[in-house]
Number of protein chains: 2
Amino acid sequence: MIQKKAKTLKDLAKISGFTESTISRVLNGLGTKYRISESTQTIIKKIAEDTSFSFNENARGLRLSKTSTIGLIVPDISNSFFAKMASLIEREARFHNYSIFLCDTDNSTKLEKMMVRLLQKRKVDGCIVAPIGLISKHLEELYNTTPTVLVDRFFEDINIPYVTSDDYNGTITAVTRLIELGHTTIACIQGIPGTSLNTNRVNAFKSTMNTHGLTVNEDLIIGNAFSEEDGYASAKQLINQNKVDMPTAIFSLSNAITLGILRAFSEENINIPEQISVISFDEESYSGLLKTPMTTISQPKEDIGRQAFSLLLKQIEAKDKKIAQKSILLPTKLIIRDSIGSILK
Amino acid sequence: MIQKKAKTLKDLAKISGFTESTISRVLNGLGTKYRISESTQTIIKKIAEDTSFSFNENARGLRLSKTSTIGLIVPDISNSFFAKMASLIEREARFHNYSIFLCDTDNSTKLEKMMVRLLQKRKVDGCIVAPIGLISKHLEELYNTTPTVLVDRFFEDINIPYVTSDDYNGTITAVTRLIELGHTTIACIQGIPGTSLNTNRVNAFKSTMNTHGLTVNEDLIIGNAFSEEDGYASAKQLINQNKVDMPTAIFSLSNAITLGILRAFSEENINIPEQISVISFDEESYSGLLKTPMTTISQPKEDIGRQAFSLLLKQIEAKDKKIAQKSILLPTKLIIRDSIGSILK
DNA sequence: ATCACTCGAACAAACGTTTGTTCAAAAGTA
DNA sequence: TACTTTTGAACAAACGTTTGTTCGAGTGAT
């Protein structure tokens, strides 16, 4: 016999003869609690099965004012750093019965604002945001109405909980290494100036230089975006403006930037580490397989994702009672390979 | 003066004195159509603005039976291939006012089934699926109720429209190149046997060999998954089982597999292309920067994403009228670098 | 002054759930 | 037998929208 599909509780009610409320209770496991007889329960379950019924999560969300969705906002999902993080967040979310809305802001603050607004309209139960990092007002407003956790970048002056890697100490370790190898003229190719992420890394860079009695040449701190293109442009600029005395080492602030640098150096036939040493943030699957295996500062992307979700879940479970959460700083790891060399005689 | 936030139309109704229907019409731009006076409209818009009102998209979706969401199912979002595709799809979706539910199946058919079911419960307007490729029943059922487009992999025997690259011809071009360079013993390191993607590429490989009068050694077609780990294992296996006469070239079926191969070769100090040539599917941002710049078959990931969304949109707009759609095959591009060498005397 | 319109907005039902309450029938008690 | 309690399920309201219909008050024509 061909069983019609049942789309709604009403359909099931018509077929079974029981009311929607009874059916709802049975299918939600509340049958016994509401004294619905075993026989009735079996019948209902059978019919639901046969008609391959499933709830409309939308209607449910409306009624329960809980959508079991969370929003994930990232600057660029095609960047492996965010992709990896997203992957973990998705897994955790799935495990806890949440679905995630993926929002790519394309590195634009304007889009970021729009996405925040959109997610609010969609009544997500919470948000995990890797912000561009320049403007925070919309995020503050988001946090006021919706559980929110920031990842990767954050804001000093507002108290949205965040999970990020310990950039400051990671940088110190890396730059110290370069200095130990004898480098005194080190260029720093940065991402977006003014973002917490960038500022932390640059400050740690300067501080480490100073600690070792080295002066920082501000002209060697260049770059405007965490992108391959910008890294490429910065490297070219470096080459052109320092024809005579190039820095002996480069400290790159991200995976994408490093790709750009490598492309530029490849074009100019500059060899690493013979002509210049490079140390870079972000360990990638290919880092060890590059022409010169790259020395990297590895961030615990998976942990960041996991912990961020965990924080978010706590906020969600606390309901509207705002809870104070301490942010989390996760340690980085320096992975030493061939891209840095000693220049000590 | 501090203006309270208005959460719902009811709130706005209370504040403004107009009814919810009137307000709804005004804010949806139907004011004039329903002869609502300019003055009323201005008042309503003003209040909505002041109270920073926004619709509950969930309730809206329920009422309109249109959620403006689409589901995106991929085997692994942390794989740059899917990440790149997702990025494009997200952008197109955003442009057309759709939000996307990201579902990572973690390369598991079981999870894929669950995700499909979940998306149906969430009443997505459509789905874009990069299937594992082994089982199709659940996808067929999905297609029966929901506009659906497959990407990357597809199924011969069912008629869900798909967008993928022209693997067959891409492979022919690549393998022909190897043969032209004198290679006669070529290993093929594959992904999941039995999937359309894999089958197409392997068949094209065999066919090309035959066309050139070469015999295919089935022992040189190895591998079980599109993963780094599996590629690594396959390469190791190849090395161990062919101590004496290794193939002179390898044809790798994916980016992840290739990374595994490179890691294995790096460990064993096998040089490319001196000791063995490698040609690989998938162009990556780092392909040209590897120890030996990789010769790749580049797939138009962005185009795939874009076209898939476009097909999906057409299905959605056709409402419940199922429309026949022809699938799309996009050309690949062979990017020649140093990883393949000639062995002609 | 009567009637027919037009104008402007309210009314009410519906989308698919969930849940507190009610209610009839069966079972237990006195 | 008459009354209370338990059992099993129905009833109805609510979540926040949208939309077809209704309705009263002005306006104009006759």
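Chain naming here is simple, since letters A, B, ... match the order of the sequence lines and numbering starts at 1 in each.
- Among D:dA10, D:dG16, C:dA10, the nucleotide with an atom closest to any side-chain atom of A:T19 is D:dA10.
- OP1 or OP2 of C:dC15 has at least one side-chain nitrogen or oxygen of A:K10 nearer than 4.0 Å.
- Minimum atom distance to the side chain of B:T40 is reached by C:dG8, of the listed D:dG8, C:dT17, C:dG8.
- Across the interface with DNA chain C, nearest-nucleotide mapping of B:L62 and A:T22 shows B:L62 to be the residue nearer the 5′ end.
- Atom CG in A:L27 sits about 15 Å away from atom C1' in C:dT19, given to the nearest Å.
- When only modelled atom types and interatomic distance are considered, B:R122 and B:T69 share no side-chain donor-acceptor pair under 3.5 Å.
- For B:S37, counting side-chain heavy atoms from C-beta on, the closest listed nucleotide (C:dG8, C:dC11, C:dT17) is C:dG8.
- For the pair B:E38 CD and C:dA9 P, the interatomic distance rounds to 10 Å; values are reported in whole Å.
- When rounded to the nearest whole Å, the span between CG of B:N56 and P of C:dG16 equals 16 Å.
- Within the 4.0 angstrom heavy-atom criterion, only backbone atoms of the sugar-phosphate kind lie near B:G17; the bases stay farther away.
- Side-chain N/O atoms of B:T148 and B:T146 include no donor and acceptor closer than 3.5 Å.
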Please tabulate, one pair per line, each protein N/O and nucleotide N/O from nucleotides 22-26 of chain C that are separated by under 3.5 Å, including the distance.
none

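- Taking atom NZ of residue B:K66 and atom C1' of nucleotide C:dA14, one finds them 20 Å apart after rounding to whole Å.
- Scanning atom types as modelled, one donor and one acceptor separated by under 3.5 angstrom connect the side chain of B:R25 and the base of D:dG20.
- Here C:dG8 presents its C1' atom at 14 Å from CD1 of B:I23, a figure rounded to the nearest Å.
- Classification of the B:Y162-B:F154 ring pair by plane angle, with boundaries at 30° and 60°, yields parallel.
- Atoms CD (B:Q41) and C1' (C:dC7) sit 13 Å apart, rounded to a whole Å.
- Listed by first and then second residue, the side-chain hydrogen bond (donor to acceptor under 3.5 Å, both in side chains) pairs that reach into residues 107-119 of chain B are B:E112-B:H138, sequence neighbours excluded.
- Closest to the B:S21 side chain, of the nucleotides C:dT17, D:dT17, C:dA12, is C:dA12.
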Report the C-alpha separation of B:S54 and A:Q120 in whole Å, then their side-chain angles, then the decisive distance to 0.1 Å, and conclude whether the side-chain hydrogen bond (donor to acceptor under 3.5 Å, both in side chains) test is met.
CA-CA 8 Å; B:S54 66; A:Q120 287 178 304; over 6 Å; no
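- Within 4.0 Å of B:L64, counting heavy atoms only, lie sugar-phosphate atoms of the nucleic acid but no base atom.
- Among the atoms of the strands shown, only primed sugar atoms or phosphate atoms (P, OP1, OP2) are found under 4.0 Å from some heavy atom of B:S54.
- Counting heavy-atom neighbours within 6.0 Å of B:K46 NZ, excluding the residue itself, gives a total of 12 or less.
- Rounded to a whole Å, the CZ atom of B:F55 is 20 Å from the P atom of C:dC15.
- Between the side chains of A:E57 and A:S68, no donor N or O sits under 3.5 Å from an acceptor N or O.
- Residue-to-nucleotide contacts include no donor-acceptor pair under 3.5 Å from the side chain of B:T8 to the base of D:dC15.
- Shown here is A:K123, whose NZ atom has more than 12 heavy atoms of other residues, nucleotides or ligands within 6.0 Å.
- As a whole-Å value, the separation of B:R122 CZ from C:dG16 P is 17 Å.
- For A:I36, whose side chain is taken as the heavy atoms from C-beta onward, the closest listed nucleotide among D:dA9, C:dA12, D:dT17 is D:dA9.
- Within the 4.0 Å cut-off from OP1 or OP2 of C:dG20, at least one side-chain nitrogen or oxygen of A:Y34 is found.
- Residue-level contact check: A:N28 touches the backbone only, with heavy atoms under 4.0 Å from sugar-phosphate atoms and none from bases.
- Distances shorter than 4.0 Å separate none of the side-chain N or O atoms of A:K7 from OP1 or OP2 on C:dC15.
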